[in-house]
Protein chains: 2
Amino acid sequence: MLSKSEENYLKEIYALSESSKEVVNTSLLANKLATKSPSVTEMLKKLAKKNLLKYEKYKGVKLNTQGKSIALGIIRKHRLWETFLVDKLNFNWDEVHVIAEQLEHIQSDQLTDRLDEFLGFPTMDPHGDPIPNKKGQVIKINKTPLFNMGISEEGVFIGVKSSSDSFLKYLSKNNISIGCKIKIISIEDFDNSLKIEINNLRFNISKDVAQNLYMEVK
Amino acid sequence: MLSKSEENYLKEIYALSESSKEVVNTSLLANKLATKSPSVTEMLKKLAKKNLLKYEKYKGVKLNTQGKSIALGIIRKHRLWETFLVDKLNFNWDEVHVIAEQLEHIQSDQLTDRLDEFLGFPTMDPHGDPIPNKKGQVIKINKTPLFNMGISEEGVFIGVKSSSDSFLKYLSKNNISIGCKIKIISIEDFDNSLKIEINNLRFNISKDVAQNLYMEVK
DNA sequence: TATAAATATTAGGAAAGCCTAAATAATTGT
DNA sequence: ACAATTATTTAGGCTTTCCTAATATTTATA
């Protein structure tokens, strides 16, 4: 049985190796986990001894099969709980992350699986992130940042890249929610801001925002 | 913010002071918390310094208003989660305690209150124990152990004293569930075992069992 | 009531997870 | 290529929560 701290390390290593490079380095981890690098080094040694990852001094770290499977299990729980909070308890999608960070460490496979069933075996969480199934399999969706689409192209908003509080609040405020159709009207040369159309309503969003909206283009 | 360990101490002190005497002693606590007495002494000092209880060396411990309120909050969460697990996720009542011991430490008043609402503001958990409301108020039910009832008296089974795994399993096996009517037919002089009637079905239960069934007699 | 038994506390230490400061390795710029 | 910079690790300490062994207090008993 792993500690909460160990679980958080595995989860973060997994997330970083997915988003950036294969091999994760110490300082990035320290930064993400709001801790200092000596603590990271120490923990990496420990997790390596437990055979959950491959760690080479000064060379970074990479989860092995077992470590990855545990990380996926935690992510599965996190996203199922987020779904529960939004679907059943009527939380807003920008309120659930912090609570799910606690709930993801509850240890009971039976609970996880029954929650999954109770929610109707969802494949996406409220932020559009895929929920790994019981076997740790993740549905790979074909998503493009809105920013990569062309003028007059249209797509469906299916997920966010950043789940930061401020970004999610921004989206709520502007009525941009998962599932809505967005069309690019024009792109401003100067600052790369975009004019978009949602429900026949046109407005501008910054490049920053456009890079954090994942779209599905048919 | 209190640690999980601190919360467990408060919860256990509260439970013991309710069931047995006002003032709780060190070794009983150590026993219940599966720890050793020096650890208890140490923690009591700490909680006393935090002004959650009154502790006098060699004299035992007693929660003050604040400590009691925190304890009730944890019990509230525990029993709400148990209710959730049984009502919504279809767990059996003998499976939920261990999981609820984890869930009771999740820190989010908003979550607790929304869960409460989602469950329809229940007043009893699956074991017949009262669920404190948001203000920490507990409905006091008038319950008597079945063993204290007289011959040919009838009552409704409304809760258990012991929530031990083996006892709950025993009840399930014998179809004794919360809400069912039980009548005492006779009492055996020799071992104090009882012949009871449920749904026109008569069978024997031991004194031990009868002492752990809480009844409501009209 | 003096002493034995039971109970509680103190003393000192361990593991986990964090920290700062110092040392070492890797990378980068010229 | 090698000095300067940056990243990483080692060394040593701190806090929390637990432990065992030793000591002190209370309670029970002769």
Side-chain angles (χ1 to χ4, degrees), chain A residues 1-14 16-17 19-63 67 70-71 74 101-102 104-107, chain B residues 1-13 16-17 19-63 67 70-71 74 101-102 104-105 107:
Chain A
M1 175 147 309
L2 299 179
S3 73
K4 194 186 268 193
S5 189
E6 291 170 320
E7 289 195 343
N8 281 330
Y9 274 88
L10 292 179
K11 183 180 62 155
E12 203 54 67
I13 295 166
Y14 180 85
L16 288 175
S17 66
S19 76
S20 56
K21 45 249 157 180
E22 275 275 293
V23 175
V24 179
N25 61 337
T26 305
S27 45
L28 190 56
L29 257 178
N31 183 265
K32 287 284 180 184
L33 290 164
T35 182
K36 299 297 161 68
S37 11
S39 309
V40 174
T41 302
E42 185 177 55
M43 183 58 96
L44 294 183
K45 282 182 184 170
K46 193 174 156 200
L47 293 173
K49 204 185 291 178
K50 289 193 177 187
N51 244 299
L52 301 173
L53 46 78
K54 200 178 143 214
Y55 164 63
E56 274 187 285
K57 265 189 185 183
Y58 297 103
K59 298 280 173 59
V61 69
K62 190 173 180 300
L63 294 183
I70 293 172
I74 299 157
E101 296 239 286
Q102 295 181 64
E104 74 192 6
H105 299 292
I106 301 292
Q107 314 251 209
Chain B
M1 173 147 308
L2 299 178
S3 72
K4 193 186 267 192
S5 188
E6 290 170 322
E7 289 195 344
N8 281 331
Y9 274 89
L10 292 178
K11 182 181 64 156
E12 203 55 66
I13 295 166
L16 288 175
S17 68
S19 76
S20 57
K21 47 246 154 183
E22 275 276 294
V23 176
V24 179
N25 61 339
T26 305
S27 46
L28 191 55
L29 257 177
N31 183 263
K32 287 284 181 183
L33 290 165
T35 182
K36 297 298 160 69
S37 12
S39 308
V40 173
T41 302
E42 186 177 52
M43 182 59 95
L44 294 183
K45 283 181 183 170
K46 193 176 159 200
L47 293 173
K49 204 183 292 178
K50 289 194 178 188
N51 245 297
L52 301 172
L53 46 78
K54 202 179 140 213
Y55 164 64
E56 275 188 283
K57 263 190 185 182
Y58 297 103
K59 296 280 171 58
V61 70
K62 191 171 178 301
L63 293 184
I70 293 173
I74 299 158
E101 296 241 286
Q102 295 181 65
E104 74 192 6
H105 299 291
Q107 316 250 210

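Per chain, numbering begins at 1; letters A, B, ... match sequence-line order.
- Under the salt bridge (Lys or Arg N to Asp or Glu O under 4.0 Å) criterion, A:Lys50 pairs with A:Glu6, sequence neighbours left out.
- Residues meeting the salt bridge (Lys or Arg N to Asp or Glu O under 4.0 Å) test with B:Glu104, sequence neighbours left out: B:Lys11.
- C:dA16 atom P lies 17 Å from atom CG of A:Asn8, rounded to whole Å.
- Atom OG1 of A:Thr26 is separated from atom CG of A:Asn31 by 12.5 Å, given to the nearest 0.5 angstrom.
- Atom CG of residue B:Leu53 and atom OG of residue B:Ser17 lie 10.5 Å apart, to the nearest 0.5 angstrom.
- For A:Gln107, the side chain to side chain donor-acceptor pair (under 3.5 Å) test picks out no residue, with sequence neighbours left out.
- Among residues two or more places apart in sequence or in another chain, the side chain to side chain donor-acceptor pair (under 3.5 Å) test is passed with B:Asn25 by none.
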Set out, line by line, the N/O atom pairs under 3.5 Å between protein and nucleotides 2-6 of chain D.
none

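- Between B:Leu29 atom CG and C:dA8 atom C1' the separation is 12 Å, expressed in whole Å.
- Atom-to-atom, NZ of A:Lys45 to P of D:dT8 comes out at 14 Å; the value is rounded to the nearest Å.
- Rounding to whole angstrom units, CD of residue A:Glu6 and P of C:dA15 are separated by 15 Å.
- D:dA7 atom C1' lies 16 Å from atom CD of A:Glu56, rounded to whole Å.
- Residue pairs satisfying the salt bridge (Lys or Arg N to Asp or Glu O under 4.0 Å) criterion with at least one member in residues 33-45 of chain B, sequence neighbours excluded, are absent.
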Task: Footprint string (nucleotides 20-29 of chain D, 5' to 3'): B base within contact, S backbone only, - free, heavy atoms under 4.0 Å - done: BB--BSS---

Which pairs would a plain distance check flag for residues 54-61 of chain A, meaning a side-chain donor or acceptor within less than 3.5 Å of a matching protein atom at least two apart in sequence or in another chain?
none

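- In this structure, A:Thr41 does not reach the D:dT10 phosphate: none of its side-chain N or O atoms is under 4.0 Å from OP1 or OP2.
- Distance A:Lys4 NZ to C:dC18 C1': 15 Å, rounded to the nearest Å.
- If you measure from atom CG of B:Leu44 to atom C1' of D:dC18, you get 14 Å, rounded to the nearest angstrom.
- Rounded to whole Å, the distance from CG on A:Leu2 to P on C:dA16 is 13 Å.
- With sequence neighbours left out, the salt bridge (Lys or Arg N to Asp or Glu O under 4.0 Å) criterion links B:Lys32 to no other residue.
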